[in-house]
Amino acid sequence: KNTMSVEEHIYQHGFHIIDNFLEKSDYHELHTLIQSLDDKGCFKPAKIGHQHDKTQNISIRNDKILWLDEQSEHPAVHTYLRELEKLSARLNQSLFLGLVDYEAHFAIYQPNSFYKKHIDQFSTARERRISCVYYLNHKWQNEFGGELKLYDQADRPLSTIIPQGNRFVCFNSDLPHEVCTAYKTRYSIAAWLKIRRMELCR
């Protein structure tokens, strides 16, 4: 069992895993919400690239997303975003990251969906510093696929993480990672903790 704090593990290994991240009631509310939004057809195909350069490329990723700002008044979403803010404050205090903002979206990987190896920092903008994934899948089995694979800066395998419900993963946004093909519908929230853009111009 990992006894390191989130700050220590990110500093030493580049990532950290927290199981039972939210209270069970909040986790179940988020699971119900993402299913209901899916049933209503609220999700759109994800794109790659940054701002005006975004394009859809289903050979790289074929998941569907819905940005969380539209749902931020939902009590369980509000609870989750508050936990992100607490994490940002904690990492700032310990690692002096200068995190001031975040962005987040729901993600659905339907059967045979994937996201090939990539990093979350864009070449034109590096304000994303910490990537976060929170899983909303009941009783996920290994044979369902959909694992998150993390790699180090030298592209060596770092960790393979099963998308178990109420599990939270955070890692440095410059680490290569991929979502393996899912064979059952896979729900999650992806988020990024960000610094100010102006800090990139020093």
Side-chain angles (χ1 to χ4, degrees), residues 15 17-19 21-22 27-51 53-72 74 76-77 80-81 84 102-123 128 130-151 155 157-193:
F15 74 100
I17 301 169
I18 304 172
D19 284 330
F21 183 66
L22 297 182
Y27 160 70
H28 285 292
E29 279 189 43
L30 284 169
H31 181 268
T32 301
L33 175 62
I34 196 171
Q35 280 191 317
S36 125
L37 293 167
D38 187 19
D39 291 342
K40 291 176 187 171
C42 296
F43 285 76
K44 295 181 179 177
K47 295 181 178 181
I48 59 170
H50 186 238
Q51 293 182 342
D53 296 327
K54 286 183 177 176
T55 56
Q56 191 177 342
N57 187 335
I58 59 171
S59 68
I60 294 175
R61 69 182 298 187
N62 57 354
D63 56 318
K64 293 184 176 181
I65 67 169
L66 174 66
W67 290 97
L68 242 66
D69 49 7
E70 297 173 37
Q71 308 295 326
S72 60
H74 187 285
V77 171
Y80 174 72
L81 295 178
L84 280 189
Y102 59 82
E103 56 186 349
H105 64 60
F106 284 119
I108 294 179
Y109 286 78
Q110 291 165 334
N112 298 313
S113 295
F114 55 84
Y115 194 165
K116 295 282 181 69
K117 192 190 293 184
H118 64 286
I119 62 171
D120 287 342
Q121 284 185 347
F122 302 108
S123 57
R128 289 177 173 179
I130 301 290
S131 300
C132 308
V133 190
Y134 177 62
Y135 297 113
L136 298 166
N137 307 300
H138 292 345
K139 297 179 181 176
W140 194 263
Q141 306 294 320
N142 289 357
E143 59 266 27
F144 297 162
E147 307 95 332
L148 173 67
K149 287 193 174 182
L150 296 176
Y151 300 84
D155 224 21
L158 197 57
S159 186
T160 298
I161 300 158
I162 305 298
Q164 196 61 257
N166 211 5
R167 172 172 287 167
F168 177 87
V169 185
C170 53
F171 55 94
N172 289 325
S173 294
D174 58 358
L175 288 182
H177 57 284
E178 64 182 313
V179 177
C180 300
T181 301
Y183 301 106
K184 184 178 178 180
T185 302
R186 173 194 186 275
Y187 295 129
S188 62
I189 300 175
W192 299 271
L193 309 182

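It should be emphasised that the depicted structure is a prediction, and the values quoted were computed from it without experimental measurement.
In this structure a side-chain-to-backbone donor-acceptor pair under 3.5 Å is present from Asn166 to Leu22. Side-chain N or O atoms of Gln141 include one that pairs as donor or acceptor with a backbone N or O of Lys139 at under 3.5 Å. A distance-only check finds no donor-acceptor pair linking the side chain of Asn112 to the backbone of Thr181 [under 3.5 Å]. Arg61 contributes no side-chain N or O that, together with a main-chain N or O of Ile48, makes up a donor-acceptor pair within less than 3.5 Å. Between the side chain of Ser188 and the main chain of Tyr134, no donor-acceptor pair closer than 3.5 Å is present. Put simply, the side chain of Arg128 gets close to the backbone of Asp120: a donor and an acceptor are under 3.5 Å apart.
Taking the side chain as every heavy atom from C-beta outward, Ile162 and Tyr135 never approach each other to under 4.5 Å. Side-chain contact check for Arg167 versus Ile161: some heavy-atom pair is nearer than 4.5 Å. Taking 4.5 Å as the limit, every side-chain heavy atom of Lys44 sits out of range of all side-chain heavy atoms of Lys64. Residues Glu143 and Tyr183 fail the side-chain proximity criterion, which asks for heavy atoms closer than 4.5 Å.
Rounding to the nearest 0.5 angstrom, the gap separating the OH atom in Tyr187 from the CD atom in Gln110 is 8.0 Å. One finds the CG atom of Asn172 at 8.5 Å from the CD atom of Gln121 (value rounded to the nearest 0.5 Å). If you take CG on Asp63 and CZ on Phe114, they are separated by 9.5 Å, rounding to the nearest 0.5 Å. The CG atom of Asp155 sits 10.5 Å away from atom CG of Leu175, with the distance rounded to the nearest 0.5 Å. Taken to the nearest 0.5 Å, the CG atom of Leu66 stands 5.0 Å off from the CZ atom of Phe43.
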Could you go through the side-chain contact (heavy atoms from CB on, under 4.5 Å) check for Leu68 and Ile189 one step at a time? CA-CA 9 Å; Leu68 242 66; Ile189 300 175; 4.2 Å; yes
For a side-chain contact (heavy atoms from CB on, under 4.5 Å) check, start with the C-alpha distance between Val133 and Phe171, then their side-chain angles and the critical distance, and finish with the verdict. CA-CA 9 Å; Val133 190; Phe171 55 94; 4.3 Å; yes
One pair to check against side-chain contact (heavy atoms from CB on, under 4.5 Å): Tyr115 and Ile60. What are the steps and the verdict? CA-CA 6 Å; Tyr115 194 165; Ile60 294 175; 3.9 Å; yes
Go through Lys117 and His177 one step at a time and tell me if the side-chain contact (heavy atoms from CB on, under 4.5 Å) criterion holds. CA-CA 5 Å; Lys117 192 190 293 184; His177 57 284; over 6 Å; no
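Considering every non-hydrogen atom in both Cys170 and Ile130, the closest pair reads CB-CG2, 4.0 Å. Taking all atoms of both residues into account, the shortest heavy-atom contact from Trp192 to His105 is CH2-NE2, 3.4 Å. Closest non-hydrogen pair, Phe106 versus Val77, comes out as CZ-CG2, 4.2 Å. The two residues Ser173 and Ile119 make their nearest non-hydrogen contact at O-CB, 3.9 Å. Nearest heavy-atom pair, Ala191 versus Tyr80, reported as atom, atom and distance to 0.1 Å: CB-OH, 4.2 Å. Shown here for Asn62 and Ser113, the closest heavy-atom pair between the two residues is OD1-CA, 3.0 Å.
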Give the table of side-chain donor-acceptor pairs shorter than 3.5 Å for residues 144-151, with sequence neighbours excluded, one pair per line with atom names and distance.
{"from": "Tyr151", "atom 1": "OH", "to": "Glu178", "atom 2": "OE2", "distance (Å)": "2.4"}

Please tabulate, one pair per line, all N/O donor-acceptor pairs under 3.5 Å involving side-chain atoms of residues 28-37, not counting sequence neighbours.
{"from": "His31", "atom 1": "ND1", "to": "His138", "atom 2": "NE2", "distance (Å)": "3.4"}
{"from": "Thr32", "atom 1": "OG1", "to": "His28", "atom 2": "O", "distance (Å)": "2.9"}

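Geometrically, Arg186 engages Tyr109 in a cation-pi contact, judged by NZ or CZ lying under 6.0 Å from the ring centre and within 45° of the ring axis.
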